[in-house]
Undergrad: 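Here's a structure for you.
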Amino acid sequence: MKEIQEQIMRLKKEKNAVIMAHYYVDDAVQEIADYVGDSYYLSDMATKVEAETIVLCGVSFMGESAKILNPGKRVLLPDVTADCPMAHMASVEKVRRVREDYGDDVAVVCYVNSTAALKSVSDVCVTSSNALKVVKALPNPVIYFIPDKHLGSYIAKKLPEKKFIFNDGGCPVHTMIRPEDIHEALKAHPAAKVLVHPECPEAVTELADYAGSTSGIIDYATASDADEFIIATELGVMYELKQKNPDKSFYPASALQICEDMKKITLDKVLSVLNRDDAGLDMTEELMEKAHAPLKRMLELSR
Ligand code: 13P
Ligand code: SF4
């Protein structure tokens, strides 16, 4: 084990901290994490761990969610500038206007890749692994889905009985993946299964053998009899895919599948935040209280 990893392990014990990481962060960070998972798993685990401190290796909305669900714990972000651009792609004002237009008929469904302010005006949160289950369980006939239009329309296609209002937001990384990329990759690997994240545009998810969250993609590839897979999501998932399936082959759909914000999290920054002990989160008590209800409702509806 490298010296820096040993230092992190020692400090983690001293400070009664656990390290949680998303599948998109660097391999070296996933390697030292106590818990690695998709966005749903990280929010759910944050409510279950006993340690006093959680070091959240991911983008800031993940740290915010962990803190909102655990106001009593210290949540540390190794780099406060690691921020998901999509988290800001909806407006509180527009949510108010939609509520005025549709009254009690509408449920505002907020993908967790969103700011705490957007969560605080929403009825329920979802992640890509539970969105279908959660939205299906809602009694409202109208769904205003924020901020991701691609995940929103993916779910809408499966629930034709509901009217969906979409918001013009999307993940810059997944939006860059094109159907041509999948066709090219299939030309090179015709026997491969195509595994796609639903943050991709509809023209890409339509070509998928499986579409789902990062955990869903990893589970599908692990359970599959196929030997080759084309992967249309951020390349950080390759680490766990290869760990679990050393004899299978994984090919990126595009070389552009890299989230610069997730890659800001390094071992040096994990060590540094454990030494500093400063949280890096800036939310008022009132905001946290308001954002808590939709996150809690998501956990209840998806269990
Ligand atoms: P999941 O890990 O929940 O699939 O989320 C993907 C993502 O973009 C997180 O930022
Ligand atoms: Fe946000 Fe996309 Fe990066 Fe996920 S991959 S954190 S949605 S920019």
Side-chain angles (χ1 to χ4, degrees), residues 20-26 29-30 33 35-46 56-66 69 77-90 109-116 118-119 125-134 145-152 154-155 167-177 195-201 204-205 208 210-221 231-241 252-265 295 298-299 302:
M20 293 192 183
H22 188 266
Y23 286 127
Y24 292 165
V25 297
D26 264 344
V29 178
Q30 292 191 47
Y35 303 96
V36 186
D38 68 3
S39 310
Y40 173 68
Y41 173 83
L42 296 177
S43 328
D44 193 37
M45 259 341 272
L56 208 306
C57 299
V59 283
S60 52
F61 76 78
M62 295 177 170
E64 285 180 358
S65 298
L69 288 164
L77 304 182
D79 185 333
V80 290
T81 73
D83 190 10
C84 169
M86 178 165 60
H88 304 269
M89 292 184 190
V109 175
C110 186
Y111 188 27
V112 285
N113 297 38
S114 51
T115 59
L118 286 170
K119 290 184 177 81
C125 289
V126 293
T127 71
S128 52
S129 67
N130 60 29
L132 182 60
K133 189 174 180 188
V134 170
F145 197 101
I146 58 169
D148 187 2
K149 65 177 171 195
H150 297 304
L151 179 63
Y154 178 74
I155 300 301
N167 167 76
D168 192 15
C171 162
V173 178
H174 289 86
T175 301
M176 271 193 292
I177 304 173
L195 313 187
V196 171
H197 197 283
E199 285 178 15
C200 290
V204 174
T205 46
Y210 172 80
S213 76
T214 50
S215 294
I217 287 174
I218 292 162
D219 292 347
Y220 182 96
I231 302 297
T233 192
E234 214 277 350
L235 295 181
V237 295
M238 295 292 190
Y239 176 73
E240 187 71 10
L241 281 168
S254 147
L256 303 175
Q257 298 162 204
I258 295 173
C259 176
E260 303 290 345
D261 282 278
M262 288 284 188
K263 300 307 187 220
K264 286 180 179 173
I265 311 301
L295 275 170
M298 169 186 83
L299 294 179
S302 50

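This structure is a prediction, so every number in the text was calculated from the model and none was measured. As the structure lists them, so they are numbered: ligands from 1, and atoms in each ligand from 1.
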Undergrad: Which heavy atom of L56 sits nearest a heavy atom of P78, and at what distance?
TA: O-CD, 3.1 Å
Undergrad: Under 3.5 Å, side chain of K263 to main-chain N/O of Y24, donor-acceptor pair present?
TA: yes
Undergrad: Please report how many protein N/O/S atoms lie under 2.8 Å from atom 3 (Fe) of ligand 2.
TA: 1
Undergrad: Starting from the N and O atoms of ligand 1, collect every protein N/O partner closer than 3.5 Å and put each pair on its own line with the distance to 0.1 Å.
TA:
| from | atom 1 | to | atom 2 | distance (Å) |
| --- | --- | --- | --- | --- |
| ligand 1 | 2 (O) | H22 | NE2 | 2.6 |
| ligand 1 | 2 (O) | S39 | N | 3.4 |
| ligand 1 | 2 (O) | T214 | OG1 | 2.6 |
| ligand 1 | 3 (O) | S39 | N | 3.1 |
| ligand 1 | 3 (O) | S39 | OG | 2.9 |
| ligand 1 | 4 (O) | S128 | OG | 3.0 |
| ligand 1 | 4 (O) | H197 | NE2 | 2.7 |
| ligand 1 | 4 (O) | T214 | N | 3.0 |
| ligand 1 | 5 (O) | S39 | OG | 3.3 |
| ligand 1 | 8 (O) | E199 | OE1 | 3.4 |
| ligand 1 | 8 (O) | E199 | OE2 | 3.0 |
| ligand 1 | 10 (O) | N113 | ND2 | 3.2 |

Undergrad: Quick check: does any side chain N or O of D38 sit under 3.5 Å from a backbone N or O of T214, one acting as donor and the other as acceptor?
TA: no
Undergrad: Please answer whether the main-chain N or O of S128 pairs with a side-chain N or O of E199 as donor and acceptor at a distance below 3.5 Å.
TA: no
Undergrad: Whether the side chain of E64 engages the backbone of T115 through a donor-acceptor N/O pair (distance < 3.5 Å, no angle test) should be reported.
TA: no
Undergrad: Ignoring hydrogens and geometry, is there a side-chain-to-backbone donor-acceptor pair from E234 to C259 under 3.5 Å?
TA: yes
Undergrad: Is there a side chain to side chain contact (heavy atoms under 4.5 Å, CB included) between L69 and L299 once you walk through the steps?
TA: CA-CA 10 Å; L69 288 164; L299 294 179; 3.9 Å; yes
Undergrad: Taking atom OH of Y23 and atom CG of L241, what is their separation to the nearest 0.5 Å?
TA: 9.0 Å
Undergrad: For the backbone of F61 and the side chain of N113, can you confirm whether one donor and one acceptor N or O come within less than 3.5 Å of each other?
TA: no
Undergrad: K119 side chain to C110 main-chain N or O, any donor-acceptor pair under 3.5 Å?
TA: no
Undergrad: Show me which atoms of ligand 2 lie under 4.0 Å from any heavy atom of E199.
TA: 2 (Fe), 7 (S)
